[in-house]
Amino acid sequence: MTSTPLTFTEVLVERAGALQEAEAHVFLPEDADAMAQTLSYAGLDAAARTIAVRLRERRAQGQPVLLLYPSGQEFLKAFAGCLYAGAIAVPAPLPRDRKERMRRVTGIIRDTGAGLVLTDAANAPEVSLWLAMTGRGDAVCMATDTEEAVDPGQWRMPRITPDDIALLQYTSGSTSEPRGVMVSHRSLLANQAAFSRVVRSSPEDGFLSWLPHYHDLGLIAQLLHPLWLGARAVQMPARSFIKRPVRWLSAIDAYDTTISCGPNFAYDLCVRRVTDEQLESLDLSRWRVALNGAEPIRPETLDAFASRFAAAGLRAEAVFPAYGLAEATLCVSGGEPGRGHHRRTVDADGLERGELREPRPDAPTRELVGSGTADEYEVRIVDASRRELPPGGVGEIWLRGDSVARGYWRRPDESARTFTASLAGSDERYLRTGDLGALVDGQLYVTGRLKEVIILNGRNLYPQDIEWAVREVSTALGSVHGAVFTVQAEREQLVVVHEVRVQQADWERLRSLARRVQALIGREFEVPAGNVVFVRPGNLRRTTSGKLQRTLTRKLFLSGELPSLYEVLDPAVRRLIRPQQTGLGDELLRQGPPSGRGALR
């Protein structure tokens, strides 16, 4: 063993030898009355050795191995087993429950070409059936929690180098098809060090997560980082949090958690769903890093969360905006724990024109949240002509650093475009993040996704700004989600698709709500909103981290597959998405109650 581990496999072996029976992982079952499950460092090491011996028998070294597990310790054992075997771990969700999840996992196994799938005994029959149904019946499904006559003493450290691939982290697919990011041992270790410097972590910290293990913020920051430190990770199923958000906060209290992460929507959900009575029982005074990342960060959410839970001892400076992406392994930037975060109020028109300008008297403004400094990277803000912009200019964020991954699995052309970009007149290579942002005094301000920005009349509008404004129109819209995008129908037109929660969804009420949405967008953003579609809660697709899938929503809208509850559409847009109905005549297509009754589509 080297004094400084060169691979994550060496890290795990070293931790097991040093920490032995210390707790590595605690799992809190969805059943709140069930006993917590604990796994020691020695127990993780023994399980990993056993699984690695079985993988070696199947010649898995250097090959992608799909990991399909529910939340819990069997996944962690299998992941470590892949590292101990020199195999490439591919975390993915179980192919069940929802059609989009089934499509995602089917796409992942086809993209990887994996011939070996690991799961637990309880899910093995279902996984085997799924493999057969997707035409991958030749792939081997192996349950890792079954008793087999395997001697862990047969294990030997695999011959791997820092540049070998440790895992494929599949992107969330919020703007495109998921792609497998090739994360080497070198990049994984570099990002662990970067994340530690950002959050000032140590082995004394306590970590707790509800995020899925196949999501980069859940895996890299909250499962692997504690192991890298030699600390303890506590995990609960995502369903536990979604059903009762207070369980996340109660577990943070009960397990002396100091660092816990979540996307913006999680903090928003806690503000809305945790009751006063539940709040009285919480002590959040030890929570020093409440990291907010993985999706656009709203200053209103940061304020509301800090204010709501101050009574439970949460310090305002614990609320911690950060920025990262799978292509950089995870962590890119963050603030300084305990110092609060930066904000910047800018002129709205200037932001729409691609520049952070000082506010003008009596002119609209936007408030941006700083995502801290990217001290481990060389950061460039770049325009469409590949020229670097000066401080305050809004462009695509480009990165260079040790944490940047090797590329996309089996996608050389996409890898070249994304991971080897160069500035005009330079040969230096950068990662194109696809995110828009600006640098001011070293602070990184992320303003949106390049593929999702709305360009109307020469102005750059950010869909998340419009979406959050729409939620303020009514309580029927405030507790659910919406997607804003444009379509080309005679001209570029704005479309608002929003879930609506009303006890009695009568036609008159929905028509009034749609008119209020149109009025607000016209007033606040000075653009016409001729297309408003209301759908039932749950009809808008989201990624594993909770990101809204606007690109998919737009695709479903254009194909006429969105199950609308109520819609008002510009005639040109209606002809675009419902061409088969145009022969009926516009008078039969107008939204309205037949025979004077409140009928719905």
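Basis for what follows: all heavy atoms, side chains included, without hydrogens, waters or symmetry-related copies.
- In this structure, S512 contributes its side chain and E508 its backbone to no donor-acceptor pair below 3.5 Å.
- Contacts of R272 classified as side chain to side chain contact (heavy atoms under 4.5 Å, CB included), with partners at least two apart in sequence or in another chain: D268, L269, R471, S479.
- Remark: D349 engages R353 in a salt bridge, criterion side-chain N to carboxylate O under 4.0 Å.
- S209 pairs by the side chain to side chain contact (heavy atoms under 4.5 Å, CB included) definition with L211, Q222, not counting sequence neighbours.
- Distance alone, capped at 3.5 Å, places no donor-acceptor pair between the S371 side chain and the P321 backbone.
- Under a 3.5 Å cut-off, the side chain of E396 and the backbone N or O of D435 do not form any donor-acceptor pair.
- L439 meets the side chain to side chain contact (heavy atoms under 4.5 Å, CB included) test with V379, I381, L444; sequence neighbours excluded.
- Annotation: F557 is in aromatic contact with F485 [ring centroid separation under 6.0 Å].
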- Test side-chain contact (heavy atoms from CB on, under 4.5 Å) on L565 and V535 and set out the steps. CA-CA 5 Å; L565 190 63; V535 298; 5.6 Å; no

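- The side chain to side chain donor-acceptor pair (under 3.5 Å) analysis of residues 304-318, with sequence neighbours excluded, yields the pairs D276-R308.
- A distance of 6.5 Å separates CG of N264 from CG of L302, quoted to the nearest 0.5 Å.
- A salt bridge links E367 with R343: the closest approach of a Lys/Arg side-chain nitrogen to an acidic carboxylate oxygen falls below 4.0 angstrom.
- Ring centroid separation for the pair W287 and F320 does not come in under the 6.0 Å cut-off.
- The aromatic rings of H213 and F75 sit parallel to each other, their planes meeting at less than 30°, with 60° as the upper class boundary.
- Ring centroids of H498 and F534 are separated by 6.0 Å or more, keeping the two rings apart.
- A salt bridge does not link R104 to D111: none of the charged nitrogens lies less than 4.0 Å from a carboxylate oxygen.
- With 3.5 Å as the limit, one finds no donor-acceptor pair spanning the side chains of D216 and Q169.
- The pair E30-K243 meets the salt-bridge criterion, since a charged nitrogen lies less than 4.0 angstrom from a carboxylate oxygen.
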Please list, one pair per line, the donor and acceptor atoms closer than 3.5 Å that link side chains of residues 354-366 to other protein atoms, with sequence neighbours excluded.
unit_1	atom_1	unit_2	atom_2	d
E358	OE2	R344	NH2	3.3
R360	NE	D347	OD1	2.8
R360	NH2	D347	OD1	3.1

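- Listed for the R501 side chain is no donor-acceptor partner under 3.5 Å among the backbone atoms of G478.
- For the pair Q443 (side chain) and G372 (backbone), a donor-acceptor distance under 3.5 Å is present.
- With hydrogens and angles ignored, the 3.5 Å screen pairs a side-chain donor or acceptor of Q493 with a backbone N or O of A489.
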- salt bridge (charged side-chain N to carboxylate O under 4.0 Å, His left out) between E567 and R574, worked out: CA-CA 10 Å; E567 63 185 33; R574 183 177 293 279; 3.4 Å; yes

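- Taking the six-membered ring where the residue is Trp, W210 and F241 present parallel rings, their angle staying beneath 30° rather than reaching 60°.
- Remark: R515 engages R511, Q518 in a side chain to side chain contact (heavy atoms under 4.5 Å, CB included) (not counting sequence neighbours).
- Between the side chain of S281 and the backbone N or O of Q278 there is at least one donor-acceptor pair closer than 3.5 Å.
- Looking at E499, its side chain does come within 3.5 Å of a backbone N or O of G538 through a donor-acceptor pair.
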